[in-house]
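Sequential numbering from 1 along the given sequence is applied to the chain's residues.
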Amino acid sequence: MRDYIRRTFVLAALLAAFASFLSAESSVKLLNRTVSLSWSDNVTVAEEAFSDVQAGDTIEIKYKSIKADYHKFKVYGVGSSGWQPLGYGGVRGAGFANGDLEVDKNSGSVVITLTADDASNLKKGGLIMHGYGLKVSAMTLALASAGTLTVPASQRPHKPNTEPKSISDGKAQATGPAATGPFAEHGKLHVDGAYLYDSHNSRYRLYGLSTHGLAWFGDYVNKDGFKSLRDDWNSNVIRLALYPGEYNGYCNGGNQEQLKKLVCDGIDYASSLGMYVIVDWHVLSANPNQHKEAAKTFFADISRKYGSYGNVLYEICNEPTGSDWDRVLKPYAEELIPVIRQNAPDAIVIVGTNTWSQEVDKAAKNPISAYKNIMYTLHFYADTHTQWMRDRLETAIKAGLPVFITEFGTCDASGNGGFNQGESQKWFDFMNKYGISCCNWSLCNKDETASVIKSSCKKLSGWSEGDLTESGRLIRQYFRSLKK
């Protein structure tokens with residue numbers, strides 16, 4: 001008969017119980033109070049607690065719902081490739097879908113049987129759990145594998161009673177791997193009226209750089225480069241521009257698996273730094289319906305993998321043209337949004353507007369009403385789009401439209417001429433006035449005015465002032481002037 005060794009671990013604040021838990025041989029309930037779950041906070045257990053876990057072991061969670069209309073929770077193993085829902089790739093119990101466990105009872109318990117991948121992820125990075133509308137009263141790990149322990153637990157060397165590395169301190173933490181950086185402080189964002197708010201319900205701005213096309217400048221997707229942007233440039237977001245239609249684009253000869261991996265790498269790097277990240281389906285000068293089915297498949301795949309990451313935003317069409325808002329763009333968005341919502345039910349989705357994302361006035365007259373947390377795109381290039389564009393944007397904002405400037409340049413609209421510091425400063429002042437989030441075009445060394453890095457510079461991180469273009473120096477100065 002196989003021996004069943006049960007160990008109970010506590011959540012979040014009961015750090016003092018960890019030493020006795022790690023050497024416990026039988027089931028002992030150490031949690032004497034309930035812990036409320038919120039999407040903005042994480043309950044974490046460090047990897048040391050799972051040193052002996054194997055496939056077939058189980059985790060039992062006892063819960064009580066505190067919201068009548070909506071309650072669910074998610075439990076993850078933090079592997080080397082980021083958070084993975086327990087049971088990912090294996091058989092889930094009833095109610096599981098992409099890591100979600102929707103609870104339809106007032107109280108009860110759930111038993112999760114761990115797969116080999118789960119066991120590996122738990123050993124590498126520990127466990128993280130969050131949810132909404134629930135309180136958890138107990139969480140019990142049962143090691144069911146014969147021979148798991150070669151000696152009785154009481155005779156094993158005592159592990160130091162140190163604080164687990166990933167235990168929550170009560171602050172909002174990233175629904176990605178990192179517990180540091182902007183996301184750790186501000187948590188999951190949401191839209192209310194015309195503005196963006198953080199998990200503390202305070203107005204918040206995102207600002208950072210957009211990559212150029214990943215098919216051509218993919219080397220700039222690297223952790224050290226993103227860290228330079230976070231720490232030296234004071235930015236909190238990176239935008240990953242994936243072209244579908246251009247030469248070697250995702251739908252025009254590009255290696256889809258490699259490009260998708262580059263997007264995933266970018267999300268992982270940004271998440272590990274606690275940065276926000278925008279996944280940009282970079283439709284350029286086209287009707288987005290041209291590659292609509294590919295967009296659906298792409299966003300289904302990305303949101304399935306990262307739907308639990310509260311730092312990921314989804315931009316579904318960059319700069320459509322010849323596409324009327326009422327007849328083309330709004331219906332397109334209303335087809336794409338449910339694809340993302342299936343996996344990321346409250347993630348922010350950014351919708352492009354017609355004529356290279358300039359017609360926010362049309363969207364303001366007929367906004368998308370069926371979904372929350374929707375923002376709309378306006379792009380400007382300072383030497384081309386001057387006061388008349390600021391007037392248009394101001395009218396839309398005053399009408400209640402939440403606008404995200406996901407791309408702007410300090411030069412003319414071609415991207416390769418007309419650097420205009422004076423008009424750029426007017427735009428900076430305008431964005432500061434209304435707290436508008438923005439991404440500058442672009443993070444690369446292409447020989448054009450809009451690039452932030454000189455064409456002669458081959459560095460992929462750690463750029464000095466001398467490595468930057470005139471535009472790059474101005475953007476860095478602007479971002480460094482903003483509140484973190």
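Side chains of L313 and V237 form no contact here, defined as non-hydrogen atoms less than 4.5 Å apart. Considering only heavy atoms from C-beta on, K305 comes within 4.5 Å of C264 through its side chain. Annotation: side chain of N343 is not in contact with side chain of Y306 (no heavy-atom distance under 4.5 Å). In this structure, P402 and Y376 have side chains that are in contact, with non-hydrogen atoms separated by less than 4.5 Å. With contacts defined as side-chain heavy-atom distances shorter than 4.5 Å, the pair S323/L329 qualifies. The shortest distance between side-chain heavy atoms of K446 and W216 does not fall below 4.5 Å. In this structure the side chain of D346 never reaches within 4.5 angstrom of the side chain of H190, judged on heavy atoms. At least one side-chain heavy atom of I316 sits less than 4.5 Å from a side-chain heavy atom of V351.
The only member of W388, W356, W427 that meets ring-ring contact (aromatic ring centres under 6.0 Å, His included) when paired with F380 is W427. In summary, of the residues considered (Y243, F298, F299), a ring-ring contact (aromatic ring centres under 6.0 Å, His included) with Y250 occurs for F298 alone. Results of the side-chain contact (heavy atoms from CB on, under 4.5 Å) test with F404 over I436, T377, L206 single out L206 as the only residue that passes.
A donor-acceptor pair is defined here as one N or O able to donate and one able to accept, closer than 3.5 Å; such a pair exists between the side chain of K458 and the backbone of S455. With hydrogens and angles ignored, the 3.5 Å screen pairs a side-chain donor or acceptor of H200 with a backbone N or O of E185. A donor-acceptor pair under 3.5 Å is formed between the side chain of K454 and the backbone N or O of G466. Not one N or O on the side chain of D198 forms a donor-acceptor pair closer than 3.5 Å with the backbone of K188.
Screening residues 432-468 for ring-ring contact (aromatic ring centres under 6.0 Å, His included), with sequence neighbours left out, gives H212-W441, H282-W441, F430-Y434. Within the structure, the salt bridge (charged side-chain N to carboxylate O under 4.0 Å, His left out) test picks out the following pairs touching residues 460-478 (sequence neighbours left out): D232-R476, K459-D467, E465-R476. Within the structure, salt bridge (charged side-chain N to carboxylate O under 4.0 Å, His left out) contacts touching residues 274-287 (residues at least two apart or in different chains) are R239-D280.
Counting heavy-atom neighbours within 6.0 Å of Q256 CD, excluding the residue itself, gives a total above 12. More than 12 heavy atoms of other residues, nucleotides or ligands sit less than 6.0 Å from atom CZ of R203. Heavy atoms from other residues, nucleotides or ligands lying under 6.0 Å from CG of N248 number more than 12. Counting heavy atoms of neighbouring residues, nucleotides and ligands inside a 6.0 Å radius, atom NZ of K227 does not exceed 12 of them.
A salt bridge is defined here as a Lys NZ or Arg NE, NH1 or NH2 lying under 4.0 Å from an Asp or Glu carboxylate O, and K261 with D265 meets this definition. A salt bridge does not link K426 with D429: none of the charged nitrogens is closer than 4.0 Å to a carboxylate oxygen.
In this view, K292 and N289, K296, Y332, E335, L336 satisfy the side chain to side chain contact (heavy atoms under 4.5 Å, CB included) rule, not counting sequence neighbours. Shown here are the side chain to side chain contact (heavy atoms under 4.5 Å, CB included) partners of A286, two or more places apart in sequence or in another chain: V283, Q290. Evaluation of the side chain to side chain contact (heavy atoms under 4.5 Å, CB included) rule for K223 yields Y269, S272, L273 as partners, not counting sequence neighbours.
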message: Does Q477 form a side chain to side chain donor-acceptor pair (under 3.5 Å) with R480? I'd like the steps, not just the answer.
response: CA-CA 5 Å; Q477 179 184 356; R480 285 164 65 94; over 6 Å; no
task: Determine, stepwise, if the pair Y371 / V349 fulfils side chain to side chain contact (heavy atoms under 4.5 Å, CB included).
output: CA-CA 10 Å; Y371 303 95; V349 177; over 6 Å; no
task: Report the C-alpha distance between D383 and E423 in whole Å, list the side-chain angles of each, state the deciding distance to 0.1 Å, and finish with yes or no for side chain to side chain contact (heavy atoms under 4.5 Å, CB included).
output: CA-CA 7 Å; D383 194 53; E423 280 295 325; 5.7 Å; no
query: Should N236 and R205 be marked as a side chain to side chain donor-acceptor pair (under 3.5 Å) after you check the CA-CA gap, both sets of side-chain angles, and the distance that decides it?
result: CA-CA 9 Å; N236 54 19; R205 293 178 69 183; over 6 Å; no
message: Run the side chain to side chain donor-acceptor pair (under 3.5 Å) test on D268 and Y309 for me, step by step, so that the C-alpha distance in whole Å, both residues' side-chain angles and the decisive distance to 0.1 Å come before the verdict.
response: CA-CA 10 Å; D268 291 339; Y309 280 41; 4.5 Å; no
message: Could you go through D361 and T395, starting from their C-alpha distance and side-chain angles, then the distance that decides it, and tell me whether this counts as side chain to side chain contact (heavy atoms under 4.5 Å, CB included)?
response: CA-CA 7 Å; D361 51 332; T395 299; over 6 Å; no
- prompt: salt bridge (Lys or Arg N to Asp or Glu O under 4.0 Å) between D301 and R304: does it pass, once the steps are laid out?
  reply: CA-CA 5 Å; D301 290 346; R304 187 178 299 115; 3.0 Å; yes
task: Quick one: do T410 and S424 satisfy side chain to side chain donor-acceptor pair (under 3.5 Å)? Show the steps, please.
output: CA-CA 6 Å; T410 61; S424 295; 4.8 Å; no
- prompt: Is there a side chain to side chain contact (heavy atoms under 4.5 Å, CB included) between I475 and L209 once you walk through the steps?
  reply: CA-CA 9 Å; I475 294 302; L209 287 172; 4.3 Å; yes
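Atom OG of S271 and atom CG of N311 lie 3.5 Å apart (nearest 0.5 Å). Rounding to the nearest 0.5 angstrom, the gap separating the CG atom in N416 from the OG atom in S451 is 8.0 Å. With rounding to the nearest 0.5 angstrom, the OG1 atom of T355 is 9.5 Å from the CG atom of D324. The CD1 atom of I405 sits 11.5 Å away from atom CG of N440, with the distance rounded to the nearest 0.5 Å. Put simply, CZ on F408 and SG on C439 are 8.5 Å apart, with the number rounded to the nearest 0.5 Å. Note that the NE2 atom of H385 and the CZ atom of R390 stand 11.5 Å from one another [nearest 0.5 Å].
For the residue pair D412/S414, the side-chain donor-acceptor check at 3.5 Å is satisfied. Defined by atom type and a distance below 3.5 Å, a donor-acceptor pair is present between the side-chain atoms of K330 and N366.
Minimum heavy-atom separation, A363 to T353: CB-CG2, 4.2 Å. In terms of heavy atoms, L443 sits closest to I453 at CD1-CD1, 4.0 Å. Between F226 and G266, the shortest heavy-atom distance links the atoms CE2-O, 3.6 Å. Across every non-hydrogen atom of T449 and C411, the tightest pair is CG2-CB, 3.6 Å. Heavy atoms only, all atoms of each residue included: P182 and Y204 are closest at CB-OH, 3.9 Å. Of all non-hydrogen atoms in T384 and A413, the two that sit nearest each other are OG1-N, 2.9 Å.
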